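Below you'll find the structure, written out as structure tokens, and then a few comments.
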Amino acid sequence: MKEWIIVKKKVALGITKFEDIIDRDVFYVDKTRFIKDWYESADQVTLITRPRRFGKTLTLNMVETFFSVRYQNRTELFDGLYISGEEKLMAMQGTLPVISLSLANVKPDSYGSMCRAIRLELAQLFEQHSYLLESEKLSEAEKESFLEITAQKASDEECMNSVRFLSRCMYKHYGETALILIDEYDTPMLEAFTEKYWELAIKYIRRMFHAAFKDNPYLRRGLMTGITRITQESIFSDLNNLAVVTTTTEQYEDSFGFTENEVFDALDTYGFSECRESVKRWYDGFQFGRQEGIYNPWSILNFLKSGRLEPYWMNTSGNALVGNLVREGSLKIKDEFEILLQGGTIETEIDESITYGELRGDSKTIWSWFLTTGYVKIVRSLMESASASDITPLWMQELEEESLWQQDTLAEASPEWEYSEGRYEIALTNFEVRVAFRKLVKKWFAESYDEYTEFIRMLLAGNLEGMQRYMEKVTLRTFSFFDVGSATSESEVAEQFYHGFTLGLIADLDRTHILTSNRESGFGRYDVSIEPRNGKTDGIIIEFKVFDPKKEETLEDTAKRALQQIEDMKYETDLKARGIETVRKYGFAFRGKEVLIQENA
């Protein structure tokens with residue numbers, strides 16, 4: 001028997017207050033079973049991580065609306081919903097003091113700004129409970145401290161202890177311990193990492209959470225939500241009463257996001273039954289615990305409202321950190337991202353406890369962060385007994401099939417889901433993510449986009465003179481963009497540029513061509529291979545070389561060395577074997593921002 005009931009109502013976007021959804025009678029998928037599951041779990045403090053736009057804020061507000069004394073005698077808000085059938089829990093509706101704090105807007109560019117932003121959020125929180133100033137059960141000293149926080153005059157120390165202080169005030173007033181709800185707990189830390197004041201921020205937040213949740217006699221239960229699980233050592237080292245629920249945890253696996261049944265029922269109700277498969281290709285792919293077929297609510301709501309398939313979820317964020325992690329990442333990261341961008345899979349270790357300090361270079365941490373934030377999915381766990389030769393990368397299989405673009409699809413998640421420490425096979429989550437990442441890569445060449453587009457046109461047309469002219473302009477404008485500080489030599493800077501340039505080619509040519517880079521062919525490894533999907537036009541092999549004054553006198557010598565390597569290593573072997581009759585070969589020679597292109601006839 002299904003628990004969801006879809007009734008055609010107006011679709012509204014951006015509502016995060018449960019009361020508003022019910023009062024305005026807009027589209028809502030019943031997730032009130034979470035109230036029962038969470039409260040009956042009896043966990044003292046729960047941390048739940050989910051990607052953005054998965055209903056975390058609405059869920060916390062739903063919990064607040066159900067339990068808070070501020071919503072006393074508002075049982076009608078839950079009429080007809082799952083929780084209304086739970087008599088024992090319904091008797092608790094509107095009976096408990098609840099503290100609800102959101103850190104979603106704490107996005108400062110410095111530590112001082114973070115402290116001021118948190119002080120403001122606390123002032124607004126205390127203002128909501130200003131009725132406590134009228135309570136005869138609070139002392140004058142407590143009321144003075146309360147007013148200090150409300151007026152944003154409290155010290156950092158007082159702010160760190162403010163949530164605990166508020167729970168004490170509530171206990172004295174109501175005679176009941178409080179539920180403490182904190183939404184977007186990790187937002188300040190993410191900003192601190194980006195703006196490089198991580199250590200200071202972590203000390204502040206750790207002390208704040210310790211005061212609120214560690215041995216707090218005025219705490220009944222605690223619930224936090226966020227996108228990432230920051231390592232226990234970083235922020236939760238003192239919290240031995242914390243239950244952590246991540247994307248691979250079975251608990252609450254269908255409480256966030258829409259299940260496939262819920263999505264298909266909604267599509268049927270709103271007249272989009274024929275769009276099931278297209279919607280599935282675009283927005284399916286998330287998996288929480290063992291629950292497959294989870295869809296992002298934001299994208300589904302937007303589709304129901306507009307009827308258009310677009311990357312709604314990816315467009316709700318600047319994705320700056322995502323782009324920086326790839327652009328500034330190691331050559332290995334760029335290689336793996338190329339495979340993912342083409343619809344393939346890679347193998348990596350996964351650890352959902354994120355250590356932000358390792359994000360800049362550690363591939364395991366980067367891909368773990370991509371998984372936690374929803375950009376990639378686990379296709380399967382690689383059991384220890386499986387050897388690398390047992391696994392055929394999906395990108396190799398798909399080269400034998402029709403166009404990835406025409407299929408509009410990515411690697412499908414295997415029904416086998418084994419939780420084990422070790423390595424996993426991962427892919428981009430769905431087509432929406434892939435489309436958005438292509439746009440992101442194209443933005444890297446935004447300053448020279450016209451020249452870059454013209455270069456690609458000349459490349460496909462075999463116009464060497466035009467290629468040289470436009471490549472010089474592209475290199476001059478974008479070369480330094482890929483010199484992100486990690487490169488220690490001209491050669492490494494050139495390699496950084498080459499990988500970014502290759503990703504740009506993939507983003508632009510994926511519809512019509514199959515691009516591979518650093519793949520085995522003949523007797524060695526070529527840099528870039530471009531194969532026409534129709535099998536009729538020319539194939540292209542590109543080899544990049546950096547000028548070496550010990551081996552060459554001129555840049556022409558460098559380009560000739562690149563071309564000679566293509567011939568000596570028989571790089572055209574793979575394309576010829578696949579029926580491509582004509583293969584054009586180019587040597588790209590770099591010296592600083594100077595570039596020279598030569599072709600083998």
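Note that the structure is a prediction, hence the values are computed from the model and not measured. Throughout, numbering of the chain's residues begins at 1 and tracks the sequence.
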Donor + acceptor pair across side chains of E184, S102 (<3.5 Å): no
When the ring centroid of F258 is compared with that of Y283, is the distance short of 6.0 Å? no
Does a side-chain N-to-carboxylate-O contact under 4.0 Å join R276 and D268? yes
Measure across E292 and Q287 and return the closest heavy-atom pair with its distance rounded to 0.1 Å. CG-OE1, 3.2 Å
Determine whether L428 and K377 satisfy the following criterion, side-chain contact (heavy atoms from CB on, under 4.5 Å), listing intermediate values before the conclusion. CA-CA 6 Å; L428 293 184; K377 64 182 178 183; over 6 Å; no
Please indicate whether K107 has more than 12 foreign heavy atoms, meaning atoms of other residues, nucleotides or ligands, lying under 6.0 Å from its NZ. no
List the steps and the verdict of side-chain contact (heavy atoms from CB on, under 4.5 Å) for F286 and N430. CA-CA 8 Å; F286 297 94; N430 52 35; 3.7 Å; yes
Is any side-chain heavy atom of W367 closer than 4.5 Å to one of L340? yes
Within the distance-only criterion (no hydrogens, no angle test), does the side chain of T373 pair as donor or acceptor with the backbone N or O of F370 below 3.5 angstrom? yes
Please confirm whether the backbone N or O of I83 pairs with a side-chain atom of T32, one donor and one acceptor, at under 3.5 Å? yes
For R229 and I48, indicate whether the former's side chain and the latter's backbone hold a donor-acceptor pair under 3.5 Å. no
For the pair Q291 (side chain) and F288 (backbone), establish whether a donor and an acceptor sit closer than 3.5 Å, ignoring hydrogens and angles. no
Would you call E277-R281 a salt bridge at under 4.0 Å N-O? no
Please assess D186 against T228 for the test side-chain hydrogen bond (donor to acceptor under 3.5 Å, both in side chains), listing each intermediate value before the final yes or no. CA-CA 7 Å; D186 55 342; T228 58; 2.9 Å; yes
Do T246 and T249 have side-chain N/O donor and acceptor atoms under 3.5 Å apart? yes
For the backbone of Y312 and the side chain of N302, can you confirm whether one donor and one acceptor N or O come within less than 3.5 Å of each other? no
Polar contact flag, side-chain donor to acceptor under 3.5 angstrom, S363-E336: no
Report yes or no: does S84 contribute a side-chain atom to a donor-acceptor pair with the main-chain N or O of L81 at less than 3.5 Å? yes
N/O donor-acceptor pair under 3.5 Å between E253 side chain and R290 backbone: yes
Look at the side chain of T187 and the backbone N and O of A104, then say whether any donor-acceptor pair between them is shorter than 3.5 Å. no
How many angstroms lie between atom CG of D284 and atom OH of Y295, to the nearest 0.5 angstrom? 4.0 Å
So does G374 get a backbone contact from the side chain of T429, meaning a donor-acceptor N/O pair under 3.5 Å? yes
Only residue of I182, L60, T59 satisfying side chain to side chain contact (heavy atoms under 4.5 Å, CB included) with L223 is L60
Charged N to carboxylate O below 4.0 Å: is that the case for K56 and D183? no
In terms of ring plane angle, is the pair W313 and Y375 parallel, tilted or perpendicular, where the classes change at 30° and 60°? tilted
Kindly say whether the aromatic ring centers of F18 and F78 come within a distance under 6.0 Å. yes
Hey, is D254 close enough to R33 for a salt bridge, meaning N to O under 4.0 Å? yes
Check this for me, if you would: do R434 and D510 make a salt bridge, where the nitrogen-to-carboxylate-oxygen distance has to be below 4.0 angstrom? yes
Do P532 and D538 touch side chain to side chain, with heavy atoms closer than 4.5 Å? no
Any salt bridge linking E260 with K280? Criterion: basic side-chain nitrogen under 4.0 Å from a carboxylate oxygen. yes
Check whether the ring centres of F34 and Y252 lie less than 6.0 Å apart, and answer yes or no. yes
Applying side chain to side chain donor-acceptor pair (under 3.5 Å), can you list everything that pairs with D20, at least two apart in sequence or on another chain? none
Testing the 3.5 Å rule here: is there a donor-acceptor pair between the side chains of E347 and Y424? no
Taking the six-membered ring for Trp, are W282 and F431 closer than 6.0 Å centroid to centroid? yes
Going through the checks in order, is the side-chain contact (heavy atoms from CB on, under 4.5 Å) test met by R50 and T225? CA-CA 8 Å; R50 290 292 184 268; T225 63; over 6 Å; no
On a heavy-atom basis, which atom in R52 and which in N296 lie closest, and how many Å separate them? O-ND2, 3.7 Å
Could you tell me whether a side-chain N or O of K305 sits under 3.5 Å from a main-chain N or O of V11, the two making a donor and an acceptor? yes
